[in-house]
Amino acid sequence: MSRYSAVEIERKWQDAWDKAGIFRAERSKEKPKYYVLEMFPYPSGRIHMGHVRNYTMGDVIARYKRATGHNVLHPMGWDAFGLAAENAAMDKGIHPGTWTYQNIEDMKSQLKPLGFSLDWSREIATCHPKYYQHQQAMFIDMLEAGLIYRKNAVVNWDPVDMTVLANEQVIDGKGWRSGAEVERRELTQWFFKISEFSEELLSSLDGLDDWPAKVRLMQENWIGKSRGLEFAFERTDGGEAISVYTTRPDTLMGASFVGISPDHPLAKELAENIPDVAQFRTDCAKGGTTEEALEKAEKLGFDTGIKVKHPLNPDWELPVWIANFILMDYGTGAIFACPAHDQRDLDFCRKYDLPVIDTFFALEDGTPVKNEAFVPPKTEKVKWIDHFAGIDVATGQEAIDATIDFAEAQGWGEGVTQFRLRDWGLSRQRYWGCPIPVVHCETCGVVPEKKENLPIILPEDVSFDVPGNPLDRHDEWRKCMCPTCDEQGLRETDTMDTFVDSSWYYARFTAARADTPTDPEEAAYWMNVDQYIGGIEHAILHLLYSRFFARAMQITGHLPEKAVEPFDALFTQGMVTHAIYKTTNEAGRPVYHFPEEVELRDDKGFLNNGTEVDIVPSAKMSKSKNNVVDPLNIIDQFGADTARWFVLSDSPPERDVEWTAAGAEAAFKHLSRVHRLISEIASEVDAAGSDEADQLLLKEMHKAIHDVSGGVGSFGFNAAIAKLYAFTNVLAKSKAGTKAKQQAARALVQLMSPMTPHLSEELWQILGAEGLAANAAWPVADESMLVDDTITLPIQINGKRRAEINVPADMASPEVEKLALSQDAIQKSLDGAEPKKVIVVPGRIVNVVL
RNA sequence: GCGGGCGUGAUGGAAUGGUAGACAUAUCGGACUUAAAAUCCGUGGGCCGUAUAGGCCGUGUGGGUUCGAGUCCCACCGCCCGCACCA
């Protein structure tokens with residue numbers, strides 16, 4: 001009998017599938033379509049465990065759906081534009097395109113041996129003009145449809161390298177290469193009007209039943225709908241009133257000062273004449289643009305000297321401060337501060353010695369709230385002292401609503417709905433991205449390129465020896481004809497955010513070689529994606545942008561109406577994590593070390609020169625952190641099926657998993673055992689089984705079919721695999737040579753086939769079954785075989801298990817109760833006491849309450 | 001700082017509010033072998049106990065709801081993800 005040789009088997013069956021062309025997807029009227037998609041990879045050069053996990057899950061679903069009679073589309077491509085290619089160009093002197101295409105080739109050759117049931121004929125790479133020309137065409141359509149516009153926005157500016165930095169390139173407020181303190185600087189940039197879709201993107205979340213609740217909640221909070229009060233504070237000096245927006249108008253009587261953003265028009269105006277204000281604005285502009293950096297920055301304030309009047313009491317004057325924690329992007333860029341009921345306001349008032357008005361809330365029972373920044377809960381009742389409309393006790397929300405009504409009735413304020421969601425800035429001052437197809441013309445302004453001039457192809461002859469966007473320096477490429485007046489114009493040198501590329505690739509896959517962005521018939525047939533699978537780290541941006549883009553494509557006629565939500569079902573897998581080993585260099589910058597450079601002793605890590613490293617115990621595998629584990633070793637050593645089986649069995653798919661090498665060998669041992677077991681069964685001579693034993697084995701088989709089908713169909717892969725282990729154990733112990741055993745063996749091979757497709761093909765053949773296992777219909781569980789005649793019921797006394805009884809499955813509750821109470825162990829525990837109550841949960845449990 | 005999530009044996013983990021630890025790994029013991037590997041059988045939360053008898057404790061911590069809580073609620077601790085220019 002031959003041993004399990006993964007290498008031989010896997011190559012052989014991959015060739016067989018290729019030859020049969022069974023994974024090539026075509027429209028069909030006979031079968032229901034099923035579109036399964038995993039988030040496509042960034043071609044970093046090496047596949048990592050996260051990829052293997054992600055694509056194995058998708059492949060299991062794809063193969064399972066094929067087996068259950070679906071016409072499956074399962075494509076693959078490359079999210080190929082991005083920053084890393086430019087870094088490689090700078091570090092290694094390779095052209096970003098060369099680097100990227102080489103990586104794609106390498107990664108494809110690493111993915112192929114895994115035996116995924118992919119339709120490679122639809123492969124796309126977003127950096128290829130055949131892809132991005134369609135993106136440029138859609139950009140023009142969307143620009144003309146009013147979905148795109150230009151405005152100023154802030155970027156990270158490195159004053160030494162004179163270049164824009166990505167957030168990732170800002171480390172502790174400093175440029176990653178120059179080390180210079182980063183400044184926030186305004187540039188004119190292109191934007192998608194995603195905020196116009198706020199309400200729609202929010203309310204449509206309700207229909208996404210097959211999305212994780214946590215993702216919907218995160219998107220809801222991100223869109224951030226709020227109802228609040230907008231009103232203006234009159235200035236005592238007669239200047240233009242300052243309009244503010246607040247979600248807590250009920251705290252207006254605790255107002256201490258009015259704050260404006262450093263980017264507020266008033267702050268800018270003051271800066272023109274007052275050097276201190278200008279200086280203050282400069283100070284505030286230090287550091288990166290992330291919300292995290294802004295929120296964590298030291299709170300800074302500047303008293304403008306301007307005073308405003310409280311809307312409910314003209315004698316009450318409030319000072320106007322410029323404060324760095326107020327965002328110009330949200331509301332009106334101005335607030336009133338209420339230190340008694342907001343911790344940040346309180347901290348600010350204490351720091352700058354501003355008045356803290358005593359609280360005016362009390363708990364429902366009248367207990368006054370001391371001014372330790374008590375945030376009145378929106379859902380709980382608080383006593384609301386009667387500055388406004390005579391309401392006594394109200395929930396926070398009632399108080400808010402009442403205040404808005406009151407302000408509107410008195411005519412000094414207006415209820416306003418606000419969204420936190422900002423428009424999507426798509427401009428990037430970088431080379432390796434899709435060129436934005438517009439021309440700057442002295443006469444005509446900024447005009448879209450003619451569609452027949454597309455694609456606007458990135459020039460090849462660029463250099464990265466100077467920081468900044470090489471397109472800016474490429475005069476030959478920049479100079480072009482204005483599409484409207486035929487005079488000379490200059491091309492836009494900003495390229496598109498790579499999120500644009502990934503916001504519509506799912507649609508392109510439905511007709512990857514079409515001459516237009518999508519093909520109406522193909523899109524109508526294949527959309528929507530039935531199952532989308534990817535990392536939880538994409539819960540907000542990528543998914544929200546894709547949801548927006550599907551709508552924008554629909555408006556511009558590139559997607560059918562039904563595809564308004566592109567992904568019917570979403571599964572967010574957990575990340576594969578690994579410890580990070582870190583030291584610090586002379587410049588104070590972190591240096592990351594590969595796991596194989598670090599020796600671990602007593603929970604501490606050391607480099608071979610003896611230096612101790614800092615250990616971050618568990619972090620997302622990331623190339624820049626040097627903590628990526630390479631799955632190729634496992635594939636080389638044990639084969640793809642072992643790698644696939646292992647990543648599925650080891651942890652629940654939604655949870656993060658800390659990578660350890662141990663366990664892969666165990667998976668290999670099990671597959672070898674299955675190979676041996678099935679081979680033996682195939683060679684066993686027929687023997688008569690006992691009916692009873694046969695029946696028991698077949699019952700186990702049907703239970704396995706039921707449980708594994710359920711697990712595979714609902715991302716319970718690890719539970720399905722546990723069931724397969726148990727079923728294998730039962731099968732191994734059953735009597736040799738019976739018909740039932742042959743049948744059960746075939747079922748086992750089929751049930752494993754989505755996970756271990758190569759091994760299953762091999763064993764399918766060994767068992768003498770017809771055709772390819774990949775083409776075989778999925779077994780169906782016989783419902784009548786799933787029920788047991790007798791069941792074991794635990795008996796509890798006050799919730800603690802004291803005994804168990806075997807009873808017929810259909811025994812009536814009163815009889816179960818009688819039988820339970822008659823048990824010796826129960827009688828002994830009762831010790832003559834009379835039960836207060838006996839709870840019988842049919843088929844589950846008996847609980848005796850004393 | 002804000003939003004979201006997670007926390008169960010030595011380890012990965014299982015458990016529609018219903019017997020906590022399925023299944024697997026490490027370990028230990030045994031069989032087979034000249035020996036080893038492979039394989040097979042057993043052991044496999046802690047404590048008491050001669051124990052495959054029985055009992056007590058036990059799902060990050062503290063409280064609550066319930067006949068019954070790993071699961072639901074509140075507070076706290078720790079870790080992870082995201083925060084709009086990493087993808």
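Residue numbers begin at 1 in each chain, while the letters A, B, ... track the order of the sequences. Quantities reported herein were computed from a predicted structural model and do not represent experimental measurements.
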Identify each donor-acceptor pair in which a side-chain atom of residues 840-850 of chain A lies under 3.5 Å from a protein atom, sequence neighbours left out, and give them as a table.
residue: A:N847; atom: OD1; partner: A:N798; partner atom: N; Å: 3.4
residue: A:N847; atom: OD1; partner: A:G799; partner atom: N; Å: 3.0

Salt bridge flag under 4.0 Å for residues A:D329 and A:K151 | no
Provide the distance between the two P atoms, one in B:C85 and one in B:G78, to the nearest whole Å.
-> 31 Å
Is it the case that A:D472 and A:T493 place a side-chain donor and acceptor less than 3.5 Å from each other?
-> yes
Sort me out a list of protein N/O and nucleotides 66-68 of chain B N/O pairs below 3.5 Å, or just none if empty.
residue: B:C67; atom: O2'; partner: A:N847; partner atom: ND2; Å: 3.3
residue: B:C67; atom: O2; partner: A:N847; partner atom: ND2; Å: 2.6

Please measure how far the P atom in B:A22 lies from the corresponding atom in B:G12, and state the result in whole Å.
-> 15 Å
Side-chain donor/acceptor of A:E168 to base of B:C85, under 3.5 Å = no
With a 3.5 Å cut-off and just heavy-atom distances, do the side chain of A:E292 and the base of B:C83 make a donor-acceptor pair?
-> yes
B:A14 and B:A20, which share atom name C1', separated by this distance in whole Å = 9 Å
Side chain of A:E537: nearest nucleotide among B:A87, B:G1, B:A38?
-> B:A87
Give the rounded distance in Å between these two atoms: CZ of A:F646 and C1' of B:A24.
-> 10 Å
Distance, P atom - from B:G62 to B:G54, rounded to whole angstrom | 30 Å
B:C2 pairs with, by Watson-Crick or G-U criteria that keep both distances under 3.5 Å | B:G82
Base, sugar-phosphate alone, or nothing: which one does A:F499 contact when heavy atoms must sit under 4.0 Å apart?
-> base
Ignoring hydrogens and angles, state whether a donor on the side chain of A:S178 or A:D158 is under 3.5 Å from an acceptor on the partner side chain.
-> yes
Taking the side chain of A:L217 as its heavy atoms from C-beta onward, which of B:C23, B:G5, B:A84 lies nearest to it?
-> B:G5
Residues forming a salt bridge (charged side-chain N to carboxylate O under 4.0 Å, His left out) with A:D707, sequence neighbours excluded | A:K723
For A:K669, what residues pass the side-chain contact (heavy atoms from CB on, under 4.5 Å) criterion, not counting sequence neighbours?
-> A:E665
For B:G13 versus B:G9, give the span between their P atoms, rounded off to a whole number of Å.
-> 11 Å
Looking across every strand, which nucleic acid part, if any, lies under 4.0 Å from A:S427 by heavy atom: base, sugar-phosphate, or nothing?
-> base
A:R673 vs B:C40: side-chain N/O to OP1/OP2 distance below 4.0 Å = yes
Does the distance from a Lys or Arg side-chain N to an Asp or Glu carboxylate O, for A:K733 and A:E700, drop under 4.0 Å?
-> no
A:Y330-A:S226 side chain donor-acceptor pair, cut-off 3.5 Å = yes
Can you tell me, in whole Å, how much space there is between the P of B:U11 and that of B:G45?
-> 13 Å
Expected label for B:G58 (glycosidic angle, syn inside 90° of 0, else anti) would be anti
Separation of A:R655 atom CZ from B:U59 atom C1', in whole Å?
-> 12 Å
For A:P41, which contact category applies under a 4.0 Å heavy-atom criterion: base, sugar-phosphate, or nothing?
-> nothing
Sugar-phosphate only, base, or nothing, as touched by A:K669 at under 4.0 Å among non-hydrogen atoms = sugar-phosphate
Side-chain atoms of residues 185-192 of chain A: list all donor-acceptor pairs with protein atoms under 3.5 Å, sequence neighbours left out, distances to 0.1 Å.
residue: A:T188; atom: OG1; partner: A:N152; partner atom: OD1; Å: 2.9
residue: A:Q189; atom: OE1; partner: A:Q429; partner atom: NE2; Å: 3.3
residue: A:W190; atom: NE1; partner: A:E492; partner atom: OE1; Å: 2.9

Sugar-phosphate, base or nothing in reach of A:K299, heavy atoms under 4.0 Å | nothing
Rounded interatomic separation in angstrom, taking CD from A:E220 and P from B:G4 | 10 Å
So, is A:N221 near the phosphate of B:C83, with a side-chain N or O under 4.0 Å from OP1 or OP2?
-> no
Distance, rounded to the nearest Å, where A:L541 contributes CG and B:A87 contributes C1' = 10 Å
Any side-chain donor near an acceptor of the partner, A:W211 and A:Y532, under 3.5 Å | no
Which part of the nucleic acid, if any, lies within contact of A:A539, taking any heavy atom under 4.0 Å across all strands shown: a base, the sugar-phosphate backbone alone, or nothing?
-> nothing
Pair of N/O donor and acceptor under 3.5 Å linking B:C6 base with A:E654 side chain = no
What nucleic acid atoms does A:L544 come within less than 4.0 Å of, heavy atoms only: base, sugar-phosphate, or nothing?
-> nothing
Residue whose nearest RNA chain B nucleotide is more 5′ - A:G425 or A:N729 = A:N729
Measure all distances between protein nitrogen or oxygen atoms and nitrogen or oxygen atoms of nucleotides 52-56 of chain B, and list the pairs falling under 3.5 Å.
residue: B:C56; atom: OP1; partner: A:R802; partner atom: NH2; Å: 3.4

Proximity to the side chain of A:E295 - top-ranked nucleotide from B:A84, B:G1, B:C85 | B:G1
Select base, sugar-phosphate, or nothing to describe what A:Q169 touches, counting heavy atoms under 4.0 Å on all strands.
-> nothing
Within the pair A:R430 and B:C86, is there a side-chain N or O less than 4.0 Å away from OP1 or OP2?
-> no
Start at the 5' end of RNA chain B and walk down; is the nucleotide closest to A:R422 or to A:N718 reached first?
-> A:N718
Mind checking what makes side-chain contact (heavy atoms from CB on, under 4.5 Å) contact with A:L751, not counting sequence neighbours?
-> A:A704, A:I705, A:V708, A:L724, A:W778, A:P779
Could I get the full list of side-chain contact (heavy atoms from CB on, under 4.5 Å) partners for A:N718, not counting sequence neighbours?
-> A:P652, A:P653
Sequence-distant partners of A:K214, salt bridge (charged side-chain N to carboxylate O under 4.0 Å, His left out), two or more places apart | none
side-chain N/O A:T498 vs B:A87 OP1/OP2, d < 4.0 Å = yes
Classify the nucleic acid contact of A:K296 as base, sugar-phosphate or nothing, counting any heavy atom under 4.0 Å across all strands shown.
-> base
How far does the P atom of B:G46 sit from the matching atom of B:C41, given to the nearest Å?
-> 24 Å
Can you figure out which of B:U19, B:C86, B:G13 approaches the side chain of A:I845 most closely?
-> B:U19
Rounded to whole Å, CZ of A:F668 lies from P of B:A24 at a distance of 18 Å
For B:C86 and B:G4, measure between their P atoms and round to the nearest Å.
-> 23 Å
Closest to the A:T290 side chain, choosing from B:C86, B:A84, B:C23 = B:A84
Considering Watson-Crick and G-U wobble pairs with both distances under 3.5 Å, what does B:U27 pair with?
-> none
Does A:R428 have a side-chain nitrogen or oxygen under 4.0 Å from the phosphate oxygens OP1 or OP2 of B:C85?
-> yes
Looking across every strand, which nucleic acid part, if any, lies under 4.0 Å from A:H538 by heavy atom: base, sugar-phosphate, or nothing?
-> base
